[in-house]
Amino acid sequence: MRIATWNINSVRLRIDNLVRWLKSAEPDLLCLQEIKCQNEQFPRQAIEDAGYNCVVHGQKSWNGVAILSRHPIEDTHTNLPGSSVDEQSRYVEAVISTKDGVLRVASIYLPNGNPVDTAKYPYKLEWMDRLTAHVRERLLLEEPLVLAGDYNVIPAAEDVHNPASWTEDALFRRETRDKFNTLLNLGLTDALRATTDAPGQYSFWDYQAGAWQRNLGLRIDHLLLSSQAADRLTSVHIDKEPRSWDKPSDHTPVVADFAIEAR
DNA sequence: ATGACCTTCTAGGAAGGA
């Protein structure tokens, strides 16, 4: 079972890149973020023609998440529980059947939070609290659970080219990393860090200032695993190739393989 | 180098991103 996450930065603009990558990488499941369209605008036909079912949770103009699956999607769930309904589409969950029971996958687009002196930062922190509360409940199910997405969190200094200049940024602030660690401490495994401690494993490079050419990147796209998923993890890699294509997203896919067979 | 991008919505820039 191959599960990937990719912030596509407009699925309509990049549908050709997306189909090209699906055909070459052959993921069983792909979690997309920043689809930047409403459900009815989603390029469903091109994706179904490539052999994928989809669950889409979009909105006008911004944000939006989706999950593509080669296998039947049994159940879906959108939004996080919380005090108020979230107007921003940032969370969708899907369940598929495997030979050993269900597999649950979420596509997550965690708020950026910048600038930190605006309401955007407390919104990010509150959203992280709601995610943690929801995941705490999901873990009681004792299922293989893969929480894949753009977390907008740089977990550690080795995940950014120049950490000193990021200490006050919403992606790397102490408070942000503390909340990310609280989530991890529920018992989740950061898939990439389960396989390597190498620095510079970036998943995002800004469009500006030749960041890609100079390899000035960030690691902010993560797959966090329940113990039942982590036990079956066989390999993880960041596929940098789509970042080199024409008209790329500023993010590139992170891919994890599991010893789990679809039914 | 006080430089440098990209997308949506909509018709010119504003807003959002990271």
Side-chain angles (χ1 to χ4, degrees), chain A residues 5-18 21 31-43 56-66 86-91 107-128 131 148-177 179-180 192 199-222 238 240 242-254:
Chain A
T5 183
W6 193 8
N7 179 321
I8 194 76
N9 186 18
S10 172
V11 70
R12 289 178 292 172
L13 202 65
R14 261 172 273 288
I15 183 60
D16 292 346
N17 281 11
L18 172 57
W21 190 75
C31 297
L32 293 174
Q33 301 86 37
E34 280 204 271
I35 61 173
K36 292 189 170 174
C37 66
Q38 298 171 83
N39 290 3
E40 56 271 25
Q41 300 173 308
F42 191 79
V56 182
H57 182 42
Q59 70 174 84
K60 188 178 168 74
S61 307
W62 315 119
N63 309 317
V65 287
D86 204 335
E87 292 175 2
Q88 303 185 22
S89 298
R90 296 179 174 277
Y91 187 90
S107 182
I108 291 169
Y109 180 44
L110 205 145
N112 175 302
N114 281 310
V116 294
D117 59 352
T118 68
K120 293 176 185 210
Y121 193 57
Y123 175 71
K124 174 179 192 154
L125 296 178
E126 182 235 20
W127 205 94
M128 294 179 85
L131 177 62
D150 176 359
Y151 281 75
N152 274 313
V153 175
I154 301 164
E158 52 268 34
D159 298 315
V160 53
H161 50 93
N162 53 344
S165 66
W166 287 81
T167 51
E168 286 310 309
D169 191 278
L171 280 64
F172 193 56
R173 282 190 130 205
R174 184 73 266 161
E175 259 182 295
T176 304
R177 287 187 281 156
K179 289 231 184 274
F180 187 71
L192 187 103
Q201 301 294 300
Y202 303 140
S203 63
F204 165 91
W205 296 260
D206 200 289
Y207 288 124
Q208 297 188 64
W212 165 249
Q213 289 76 9
R214 297 158 65 198
N215 194 29
L216 306 180
L218 310 175
R219 189 172 78 91
I220 54 176
D221 299 273
H222 311 299
I238 298 174
K240 290 169 72 170
R243 187 63 181 80
S244 72
W245 292 347
D246 197 36
K247 298 289 277 177
S249 168
D250 40 7
H251 297 249
T252 211
V254 184

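What you see below is based on every heavy atom in this structure, not just the backbone, and it leaves out hydrogens, waters and symmetry mates. So you know, we letter chains A, B, ... as the sequences are listed, proteins then strands, and number each from 1.
Residues satisfying the salt bridge (charged side-chain N to carboxylate O under 4.0 Å, His left out) criterion with Arg214(A), sequence neighbours excluded, are absent altogether. When the side chain to side chain contact (heavy atoms under 4.5 Å, CB included) test is applied to Thr252(A), the partners found at least two apart in sequence or on another chain are Trp205(A), Ile238(A), Pro242(A), Arg243(A).
dA15(B) sits 13 Å from dT10(B) when the C1' atoms are compared, rounded to a whole Å. The separation of dC6(B) from dA18(B), taken at their C1' atoms, amounts to 12 Å, rounded to a whole angstrom. The same atom, C1', is picked in dT7(B) and in dG12(B); the two are 15 Å apart, to the nearest Å.
Rounded to a whole Å, the CD1 atom of Ile8(A) is 12 Å from the P atom of dT8(B). Across the protein-nucleic acid pair, Trp212(A) atom CH2 and dA18(B) atom P stand 18 Å apart, rounded to whole Å. As rounded to whole Å, 15 Å separates atom P of dC5(B) from atom CG of Leu216(A). Atoms CG (Asp221(A)) and C1' (dA18(B)) sit 11 Å apart, rounded to a whole Å. Taking atom CZ on Phe42(A) and atom C1' on dT8(B), their separation rounds to 17 Å, with Å as the unit.
DNA chain B is contacted by both Gln59(A) and Leu110(A); Gln59(A) maps to the nucleotide lying nearer its 5′ end (nearest heavy atom per residue). Both Phe204(A) and Ser61(A) sit near DNA chain B, but only Ser61(A) has its closest nucleotide nearer the 5' end.
At a threshold of 4.0 angstrom between heavy atoms, the contacts of Arg214(A) with the nucleic acid are absent.
Among the nucleotides dA18(B), dT8(B), dA4(B), the one closest to any side-chain atom of Leu218(A) is dA18(B).
Note on Arg12(A): every side-chain N or O is 4.0 Å or more away from OP1 and OP2 of dT7(B). Distances shown here put every side-chain N or O of Arg219(A) at or beyond 4.0 Å from the OP1 or OP2 atom of dA18(B). Distances shorter than 4.0 Å separate none of the side-chain N or O atoms of Lys247(A) from OP1 or OP2 on dC6(B).
Trp21(A) and Asn17(A) form no side-chain donor-acceptor contact under 3.5 Å, judged by distance and modelled atom types alone. The closest side-chain donor-acceptor pair between Asn9(A) and Lys36(A) falls under 3.5 angstrom. There is no side-chain donor-acceptor pair under 3.5 Å between Tyr109(A) and Ser89(A).
Of the candidates Asn152(A), Thr5(A), Asp150(A), Gln33(A) forms a side-chain hydrogen bond (donor to acceptor under 3.5 Å, both in side chains) with just one, namely Thr5(A).
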Output a table of nitrogen or oxygen pairs between the protein and nucleotides 11-17 of chain B separated by less than 3.5 Å.
residue, atom, partner, partner atom, Å
dG17(B), OP2, Lys120(A), NZ, 3.4

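Taking the six-membered ring where tryptophan is involved, the planes of His222(A) and Phe180(A) are tilted, since the angle between them lies from 30° to 60°.
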